[in-house]
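Below is one structure; the comments refer to it alone.
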Amino acid sequence: LKPIGFERLLRRRGVAESVPAAESRPRSGKAMRIFVNNVDGFVGRALCADLRGALGQETRLLGTITGDAAEDKTPELVKAMGVKRIVSRGDRKRYLEDVLSCSLIVYDLHSSDAMEVEQVVKHLKVAPLAHDTTFVLISSVNVWAKTKKERKKEQVDDEEEEEEGNDGEEPQKVKDRPSALSDADLDRRIPSPAYEVWKYLETLVLSLNSKERLRPHVVAAGILYGNGETTFNELFKAAWLTQARQAIILPGDNYLPCVHVRDVARLVKMVHVRDPDAPKLGSYLIAVDRAKLTQADIVNGIINHMSKQREVPMISVEEADPEVRDAMTLDLIMEASQPMRAASFPWWCRDGLVANMDKVAAEFCKWRNLRPIKMVVLGPPGAGAERLCERVASRYLHADPPHFTFDQILADALAAGTPGAALLSRKVDRMRLKKPEGKLPLKIRTKLVHRRLSSNVCRYRGYVLEGYPSSYDEADALFTQIVGPEGEEEEPQEEEEVDEPEEGDEEEEELDEPPPAAEGDGDEDEEDNPDKPKKRVNAAVAPEFVVSLSSAAERCKARIFAGEVRGPANEEEFWASTAEFQKANITQDGSLCTTDFFAEVAGTHVLRLDMDIVGEDEAFQAIRVHMESKGQFFNYLRSEEERCSERAAELQRLEQEGDERFTAERREREAEEERLRQAQAQQEVKRKQVIAEGEAQHLDAEALPLRSYLMSHVVPALSEGLAEVCRAQPEDPIEYLAQYLFAHAEDAGVGSFDMN
């Protein structure tokens with residue numbers, strides 16, 4: 001133990017560098033100082049949000065930022081999170097002074113450097129403290145990943161099994177679950193190899209318990225979710241984009257202890273701002289929600305809520321993403337520590353991720369700046385609405401964009417293969433028998449379109465609806481809802497709940513639609529009749545952007561029959577469609593048209609474009625400016641720089657492919673020419689060989705008479721002359737032989753040879 005005057009002596013000698021300055025010590029009436037390491041991290045942002053105003057008094061938040069954060073964004077981060085000052089790590093002495101000057105010190109291992117945390121904890125162990133201090137280290141349940149635990153079989157009574165049980169059969173489903181672990185099992189925890197350092201830091205923090213004026217706590221948090229996500233980010237992103245990239249790591253029935261990051265922040269706040277009369281908190285706290293969810297439950301829950309329902313493939317551990325492999329392969333059931341079990345704990349997501357999916361998905365969209373793009377494009381047939389819709393959908397709604405027409409929605413509903421689809425098919429058939437160009441009743445049309453616009457894809461990514469609604473009544477029926485007596489909206493009925501109509505019912509339903517001439521009287525009736533149910537715009541499906549196209553009928557007809565745009569197949573159908581559009585949207589009697597609903601009832605600005613004046617490119621640019629007037633969309637869209645880079649890369653790729661194709665063609669031509677040259681050379685060799693053989697045969701044939709003559713007349717005389725030369729052995733043998741041959745020429749009969 002240090003003597004009472006030891007700190008004073010050290011300060012006098014200039015040794016105790018870690019003693020905080022007098023102005024940094026907390027005084028009565030002064031703001032509470034809180035230090036959060038990496039305030040711009042996932043956990044740091046949640047901590048700043050919950051620790052502001054702790055104890056109902058002003059707080060002074062200090063903190064560091066992650067190493068990869070841009071310096072020019074620091075003021076923006078400070079303003080957004082209420083941080084008074086960013087502490088620099090450059091001056092270690094000043095850094096440690098700032099840390100120790102705070103009453104609450106929080107380090108999150110998910111975003112912190114382990115060596116930095118170790119240095120701070122070791123400094124805390126030896127440094128004198130001038131005030132009561134709480135130190136919180138946020139760790140992870142991965143430190144418990146390899147803990148030995150018993151497994152027990154539990155019978156699961158879900159709704160399906162209860163239905164089977166009602167038939168007299170006993171539920172057969174039994175699940176093998178690991179036994180629950182609590183903070184009482186602290187000494188048994190065994191981490192996975194990647195979290196050995198985390199366990200060491202936990203132990204180091206717990207060793208500070210004997211330090212005076214210091215309360216150390218370790219919070220072992222479950223897999224964190226919420227506020228934009230980290231571990232589950234790719235699952236949410238793929239679900240938002242409607243991409244089938246999610247997978248379940250085998251076996252999939254492993255239990256993942258999870259907790260919302262805001263609940264962790266609230267636990268930290270409760271640890272520091274605790275009730276003096278409350279029981280003493282343990283130094284080691286487990287932060288998990290009350291749900292017991294498997295990996296498959298979480299993955300399927302995210303997909304079913306934000307995307308199209310589908311069967312998720314299973315993959316092996318080796319195929320899994322290394323960044324989330326440890327978290328997604330956990331198999332633990334953890335019991336939350338006493339503060340989170342208390343009835344007074346201010347839960348944000350007590351019942352887990354899947355039970356609070358609406359809230360968590362909304363947080364994900366908010367933190368990731370994801371906005372649904374909901375647009376309606378109206379116009380006469382032939383104005384080119386479908387081309388503009390396609391361009392908007394392809395630019396802003398990614399692959400497989402939700403771009404709909406009523407005919408497409410109806411066709412999809414008829415092909416669904418459900419009892420409701422069969423009922424709808426019978427209604428359509430009867431309607432077409434009575435009137436081939438007729439429409440389904442307004443109630444059915446509204447249900448079909450409302451169901452599609454309420455789907456997961458449209459709810460989160462948005463939609464582009466082309467050519468519908470085509471009248472004020474359709475817009476009012478689709479985008480408004482009746483408000484109940486207590487302000488609650490009435491839930492729309494499902495199509496499958498509609499009973500089979502009797503004969504004559506459809507005629508009655510069609511008569512339910514008000515005649516066009518009476519469209520303008522609705523507002524007066526509603527004002528005169530206070531008992532009439534009140535309506536309000538259904539913001540969940542109503543569009544944010546409305547575009548109305550106009551064009552002369554002759555120009556529209558010319559576009560259609562020139563093949564520039566899609567439209568009716570013949571002129572008769574074109575004029576009928578044009579007349580119907582003009583009747584509902586270009587009124588001369590003052591009755592309400594479709595755009596009046598959006599402008600007056602929904603309060604939506606309608607962008608009007610005359611397609612006879614502006615071209616398609618100009619119209620698309622005008623729509624872009626109109627859409628982005630409220631701010632640019634993030635929505636995982638490519639920026640203009642990325643688009644320019646992609647276009648440049650595409651041009652370079654095309655140019656390279658052209659060069660490669662030209663080179664390949666040139667090489668192919670050269671190879672063909674070489675092959676032809678070799679073939680010609682071989683033919684020339686064969687030709688010369690044939691000629692040489694012919695010439696040799698010809699020479700042999702021509703030399704045969706001469707050879708016969710020589711053998712008959714010359715060779716005998718020559719042989720005798722040579723023999724004579726050998727016998728005589730003259731001094732000049734050649735001259736001797738010549739004289740001999742001349743002398744005996746007549747004997748050889750040379751003159752009798754006929755050269756012919």
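Since the model is a prediction, treat every value here as computed from it, not as a measurement.
With hydrogens and angles left out, the side-chain atoms of Asp40 and Thr66 include a donor and acceptor closer than 3.5 Å. Side-chain polar atoms of Arg33 and Ser101 form a donor-acceptor pair below 3.5 angstrom. Between the side chains of Asp253 and Thr294, not a single donor N or O lies within less than 3.5 Å of an accepting N or O. Donor-acceptor pairing under 3.5 Å is lacking for the side chains of His398 and Gln243. Between the side chains of Ser337 and Asp183, at least one donor N or O sits under 3.5 Å from an acceptor N or O. In this model, no donor atom of one side chain and acceptor atom of the other lie less than 3.5 Å apart for Arg459 and Ser454. Side-chain contact of Tyr195 with Glu202: a donor-acceptor pair under 3.5 Å is absent, judged by distance alone. Side-chain atoms of Ser112 and Asn37 form a donor-acceptor pair, as typed in the model, at a separation below 3.5 Å.
For the pair Asp263 (side chain) and Val259 (backbone), a donor-acceptor distance under 3.5 Å is absent.
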CA sep, side-chain torsions, deciding dist, call: His305, Asp358, side-chain contact (heavy atoms from CB on, under 4.5 Å): CA-CA 8 Å; His305 185 83; Asp358 281 333; 2.5 Å; yes
For Tyr95 and Glu116, run side-chain hydrogen bond (donor to acceptor under 3.5 Å, both in side chains): C-alpha distance rounded to whole Å, both residues' side-chain angles, the deciding distance at 0.1 Å, then the answer. CA-CA 11 Å; Tyr95 168 63; Glu116 177 188 356; 2.5 Å; yes
Test side-chain hydrogen bond (donor to acceptor under 3.5 Å, both in side chains) on Arg89 and Thr64 and set out the steps. CA-CA 8 Å; Arg89 297 184 178 91; Thr64 56; 2.9 Å; yes
Check against side-chain hydrogen bond (donor to acceptor under 3.5 Å, both in side chains), Asp326 and Ser192: CA-CA 8 Å; Asp326 286 337; Ser192 59; 4.6 Å; no
Evaluate the criterion salt bridge (Lys or Arg N to Asp or Glu O under 4.0 Å) for residue pair Asp331 and Arg151; output intermediate values, then yes/no. CA-CA 11 Å; Asp331 190 14; Arg151 303 192 71 86; 2.9 Å; yes
Please step through salt bridge (Lys or Arg N to Asp or Glu O under 4.0 Å) for the pair Asp50 and Lys269, ending with a clear verdict. CA-CA 7 Å; Asp50 271 277; Lys269 181 178 178 180; 5.4 Å; no
Check against side-chain hydrogen bond (donor to acceptor under 3.5 Å, both in side chains), His272 and Thr134: CA-CA 6 Å; His272 181 59; Thr134 303; 3.1 Å; yes
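Exactly one of Phe364, Trp367, Tyr636 qualifies for a ring pair (Phe, Tyr, Trp, His ring centres under 6.0 Å) with Phe236. That residue is Phe364. Partner of Tyr225 under the side-chain hydrogen bond (donor to acceptor under 3.5 Å, both in side chains) criterion, out of Asp289, Asn233, Thr230: Asp289 alone.
Lys149 has no carboxylate O lying under 4.0 Å from a charged side-chain N of Asp185, or vice versa, which leaves the two without a salt bridge. Ionic pairing of Arg213 and Asp132 is present here: one or more N-O contacts between side-chain nitrogen and carboxylate oxygen are shorter than 4.0 angstrom. In summary, Asp321 and Arg245 do not engage in a salt bridge, as defined by a charged side-chain N under 4.0 Å from a carboxylate O. For Lys122 and Glu118, the salt-bridge test passes: some basic side-chain N is under 4.0 Å from an acidic carboxylate O.
For the pair Lys199 and Trp144, the cation-pi criterion (under 6.0 Å, within 45° of the ring axis) is not fulfilled.
Between His110 and Trp198, the ring planes are perpendicular. Angles over 60° get that label, and only those under 30° would be called parallel. Between Phe35 and Tyr107, the two ring planes are tilted [angle within 30° to 60°].
Separation of atoms CG (Leu137) and CG (Leu285) is listed at 11.5 Å; rounding is to 0.5 Å. Expressed to the nearest 0.5 Å, how far CG of Leu397 lies from OH of Tyr463 amounts to 11.5 Å. Atoms CG and CG, from Leu224 and Leu353 in turn, are 12.0 Å apart once rounded to the nearest 0.5 Å.
When the side-chain contact (heavy atoms from CB on, under 4.5 Å) test is applied to Lys630, the partners found at least two apart in sequence or on another chain are Arg371, Glu544.
Nearest heavy-atom pair across Thr133 and Cys102 is CG2-O, 3.7 Å.
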